[in-house]
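Heads up, the thing below is written out as structure tokens.
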Amino acid sequence: MSESMENKLSQAMAELEAVQEAVARAEDELGQASATIRSRDRAVEVTVGAQGELTGLKFPDNKYRNMTGPQLAASVMEAVQEGREQMARRVMDVFAPLTQVSGGPTGIRGVDIDWDRAFGSALGGPDGGDRRSRSRLHDEIHED
């Protein structure tokens with residue numbers, strides 16, 4: 001194998017190891033992550049884990065006692081959805097550096113993550129559009 005090829009292989013391996021370390025750090029950071037949210041009416045408090053799972057549910061100040069079933073259900077659903085959205089945004093922020101094009105000499109491209117597929121309805125919101133790595137589209141436009 002030529003020295004140039006060995007050099008490229010060595011650089012690619014170093015970049016791969018750096019990506020693996022970044023993924024491990026991101027997983028560690030998110031391992032115990034959670035978001036605690038109160039509904040707008042302050043009747044419900046939920047805690048949501050990094051994977052969007054409901055890990056806690058509280059009814060502070062017993063406000064729920066004066067609510068109808070549908071009102072309480074709406075408060076729970078609102079708080080859970082907001083918690084899921086917050087955690088999805090946090091996960092996206094933590095993994096964002098991995099979606100960027102590598103600055104290394106091998107030109108390894110960043111990971112293309114389909115956020116809609118990963119989070120589904122947790123990424124509710126007004127645009128509801130494709131949230132795949134937006135930097136990828138910018139890079140493609142910039143290269144043309």
Side-chain angles (χ1 to χ4, degrees), residues 5-144:
M5 190 62 144
E6 286 178 17
N7 220 5
K8 286 182 181 181
L9 181 59
S10 173
Q11 290 171 344
M13 290 302 293
E15 285 184 47
L16 177 61
E17 287 176 18
V19 168
Q20 289 173 329
E21 289 171 7
V23 168
R25 281 192 305 275
E27 288 174 342
D28 286 345
E29 180 179 336
L30 294 171
Q32 300 301 316
S34 65
T36 300
I37 305 297
R38 273 206 183 179
S39 59
R40 281 184 297 239
D41 60 16
R42 315 291 289 161
V44 175
E45 181 179 286
V46 300
T47 302
V48 177
Q51 294 180 330
E53 73 279 16
L54 183 64
T55 60
L57 176 63
K58 294 181 183 177
F59 302 102
D61 307 323
N62 294 319
K63 290 183 179 184
Y64 73 94
R65 291 178 187 231
N66 298 322
M67 301 173 81
T68 65
Q71 288 172 324
L72 179 58
S75 291
V76 169
M77 294 302 292
E78 170 201 319
V80 168
Q81 182 60 30
E82 177 62 26
R84 291 180 69 214
E85 285 180 26
Q86 277 193 19
M87 285 309 305
R89 284 190 299 272
R90 183 166 176 197
V91 169
M92 290 170 66
D93 289 346
V94 168
F95 280 96
L98 298 174
T99 66
Q100 306 301 315
V101 175
S102 168
T106 61
I108 293 176
R109 297 191 62 108
V111 178
D112 191 15
I113 300 173
D114 184 343
W115 295 116
D116 283 327
R117 184 170 177 217
F119 294 115
S121 65
L123 287 175
D127 65 349
D130 184 13
R131 288 173 194 81
R132 289 167 51 125
S133 176
R134 296 201 187 278
S135 62
R136 172 81 70 229
L137 178 60
H138 180 271
D139 292 341
E140 294 297 324
I141 292 170
H142 183 69
E143 289 173 4
D144 291 340

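Minimum heavy-atom separation, Ala33 to Met87: CB-CE, 3.7 Å. Nearest heavy atoms, Ala50 versus Val91: O-CG2, 3.8 Å. Residues Ala79 and Ser39 come closest through the heavy atom pair CB-N, 4.0 Å. Closest approach of Arg38 and Pro60 over heavy atoms only: NH2-CB, 3.2 Å.
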Val48 vs Gln86, side chain to side chain contact (heavy atoms under 4.5 Å, CB included): CA-CA, chis, key distance, verdict: CA-CA 9 Å; Val48 177; Gln86 277 193 19; over 6 Å; no

Give the C-alpha distance, both sets of side-chain angles, the deciding distance and a yes or no for salt bridge (Lys or Arg N to Asp or Glu O under 4.0 Å) between Glu29 and Arg25. CA-CA 6 Å; Glu29 180 179 336; Arg25 281 192 305 275; over 6 Å; no

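Other residues, nucleotides and ligands contribute over 12 non-hydrogen atoms within 6.0 Å of the CD atom of Glu53.
For Met67, the side-chain contact (heavy atoms from CB on, under 4.5 Å) partners at least two apart in sequence or on another chain are Asp41, Ala43, Tyr64, Gln71, Leu72, Ser75. Applying the side-chain contact (heavy atoms from CB on, under 4.5 Å) criterion to Asp28, with sequence neighbours excluded, gives no partner residue.
Between Asn66 atom CG and Asp61 atom CG the span is 11.5 Å, to the nearest 0.5 Å.
In this structure, the side chain of Glu78 engages the main chain of Arg40 through a donor-acceptor pair within 3.5 Å. Judged purely by atom type and a 3.5 angstrom limit, Thr55 uses its side chain to pair as donor or acceptor with the backbone of Thr47.
Side chains of Gln11 and Glu15: a donor-acceptor N/O pair is absent below 3.5 angstrom, by distance only.
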